[in-house]
There are 2 protein chains.
Amino acid sequence: MSLRIALLGLLTAAGPSSGYDLTKLFESSINNAWQARHSQIYPELNKMAAEGLVTVEEAGPRGRKTYEITEEGSAELRAWMLDEQPARMHRSEAALRAFLLPTIEPHEAVALLREQAEVHAAKLAKLEDIRARRSENSAWRKPTFGRYALDLGIRQTRLLRDWAEETAAEIERSAGQG
Amino acid sequence: MSLRIALLGLLTAAGPSSGYDLTKLFESSINNAWQARHSQIYPELNKMAAEGLVTVEEAGPRGRKTYEITEEGSAELRAWMLDEQPARMHRSEAALRAFLLPTIEPHEAVALLREQAEVHAAKLAKLEDIRARRSENSAWRKPTFGRYALDLGIRQTRLLRDWAEETAAEIERSAGQG
DNA sequence: CAGATCATGTAAATTGTTACATGATTCT
DNA sequence: AGAATCATGTAACAATTTACATGATCTG
């Protein structure tokens, strides 16, 4: 379901797009929240077209197909947004690693965390750069699009960086004592 | 792969356990990072036993089977932990909703965010309570187990609460003007 | 014209969810 | 004895990944 919702959302945010466009949008915009390959996106778009959630226009240069969201599609997206869903699924390999940190040696954990902190710091810089340039290059119809998610992404990345740094320092401290 | 890693991690952290135990541990400990039902856990444990990553002891009261991690299983876990994996997968319906916030009316978005903030606040209280009582009831072999992940979970939950509150306020402000 | 990029698809395998199915043991 | 909990499993379906496959168009 979430893939479908993400696609409807991107079609709302960016306007009529091809599967190829959407695949790239997935990587560049919503990647922090959800991922999908073209091999999943193309069939899903066709299923959605068959169900009337989007329309297809087959006219482009290299067999390019342009999909556009329908009223029915917008209704589906809206229903999902307003629906009470107490069970929100969340999977994160980074958090899994955090849990499993005590399974390796303290000095290894410290090295790993320091490395992670650097990765997060680099990502943070990239996201902040995107935010700074937001007004120019955005493919969005409304300027608010992506804004809240970007803000959330920046905060989360900063949190991960700080957590990694502080946890590394803490492990180092306690390993030095014990 | 991640399911397998999570199971190996839990077997390391909690010692020999049954599939039933592990299913409950999934819910209570690692849930913030990964989820799995017993219908996925039981077959995976049997596959891991066949591959020599865990041993099985069929002796318990109600057909209970006890699984224990082997050297080979520990090596697999260790390899995963130390392995450089630049692509860490992350999926979150909450973040997806954040992205799609501008697809609904501002007043709806505000209501949704306020609701979410409350949910996160409640979860935060629960997690902080768990942290406060940690020393007593923990099933872990080492006291550090779950500690780092719990800390991360608390920070992330607090972040979501704050983000929801502040974003609600911001939307309210700009909707009032515009 | 060669290499990059655009553009779409399918097949097979893996992973994850929901639903069905069963029986033992403990608690009240 | 009946309800709750312990305990394990399978089957069907849905979602996701990896790999295979193809061809058009643009760029240098």
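Below, read A as the first sequence line, B as the second, and so on, with proteins coming before strands; counting in each chain starts at 1.
A close approach under 4.0 Å does not occur between any side-chain nitrogen or oxygen of B:Lys24 and OP1 or OP2 of D:dA7. Taking only side-chain nitrogens and oxygens, B:Arg64 comes nearer than 4.0 Å to OP1 or OP2 of D:dA7. Taking 4.0 angstrom as the limit, B:Arg62 places none of its side-chain polar atoms (N or O) nearer than this to OP1 or OP2 of D:dC6. Taking only side-chain nitrogens and oxygens, A:Gln40 comes nearer than 4.0 Å to OP1 or OP2 of D:dT16. Residue A:Tyr42 places at least one side-chain N or O closer than 4.0 Å to OP1 or OP2 of C:dT8. Not one side-chain nitrogen or oxygen of B:Arg37 sits closer than 4.0 Å to the OP1 or OP2 atom of C:dG16. For C:dC6, one of the phosphate oxygens OP1 or OP2 lies less than 4.0 angstrom from a side-chain nitrogen or oxygen of A:Tyr20. A close approach under 4.0 Å does occur between a side-chain nitrogen or oxygen of B:Lys65 and OP1 or OP2 of D:dG9.
One cannot find a donor-acceptor pair under 3.5 Å joining the base of D:dT16 and the side-chain atoms of A:Ser39.
Counting only heavy atoms from C-beta on, B:His38 has its side chain closest to D:dT8 among C:dT10, D:dT8, C:dT15.
Within 6.0 Å of NZ in A:Lys142 there are more than 12 heavy atoms belonging to other residues, nucleotides or ligands. Shown here is B:Glu118, whose CD atom has no more than 12 heavy atoms of other residues, nucleotides or ligands within 6.0 Å.
When all heavy atoms of B:Leu82 and A:Glu108 are compared, the closest pair comes out as CD1-OE2, 3.9 Å.
If you take CD of A:Glu93 and C1' of D:dT17, they are 13 Å apart, rounded to a whole angstrom. Look at CE on B:Met48: it is 16 Å from C1' on C:dT14, rounded to the nearest Å. One interatomic measurement links the two molecules: CE of B:Met1 to P of C:dT14, which rounds to 11 Å at whole-angstrom precision. Atom-to-atom, CD1 of B:Ile5 to C1' of C:dG16 comes out at 17 Å; the value is rounded to the nearest Å. One can place CD of A:Glu58 at 21 Å from P of C:dC6, the figure rounded to the nearest angstrom. Whole-Å rounding puts the A:Ile41 CD1 to D:dA15 P distance at 15 Å. Atom CD of A:Glu44 and atom P of D:dA15 are 7 Å apart (whole Å). Atom-to-atom, CZ of B:Arg4 to C1' of C:dG16 comes out at 15 Å; the value is rounded to the nearest Å.
Heavy-atom distances to DNA chain D give each of A:Ser2 and B:Gly63 a nearest nucleotide, and the one nearer the 5′ end belongs to B:Gly63.
Taking the six-membered ring for Trp, A:Phe99 and B:Trp140 have ring centres closer than 6.0 Å.
B:Arg91 comes within 4.0 angstrom of sugar-phosphate atoms only, judged by non-hydrogen atoms across all strands, and of no base.
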Discussion item. Before you tell me yes or no, could you show the steps for B:Asp151 and B:Arg147 under salt bridge (charged side-chain N to carboxylate O under 4.0 Å, His left out), namely the whole-Å CA-CA distance, both residues' side-chain angles and the distance that decides it to 0.1 Å?
Written reply: CA-CA 6 Å; B:Asp151 184 43; B:Arg147 162 97 191 287; over 6 Å; no

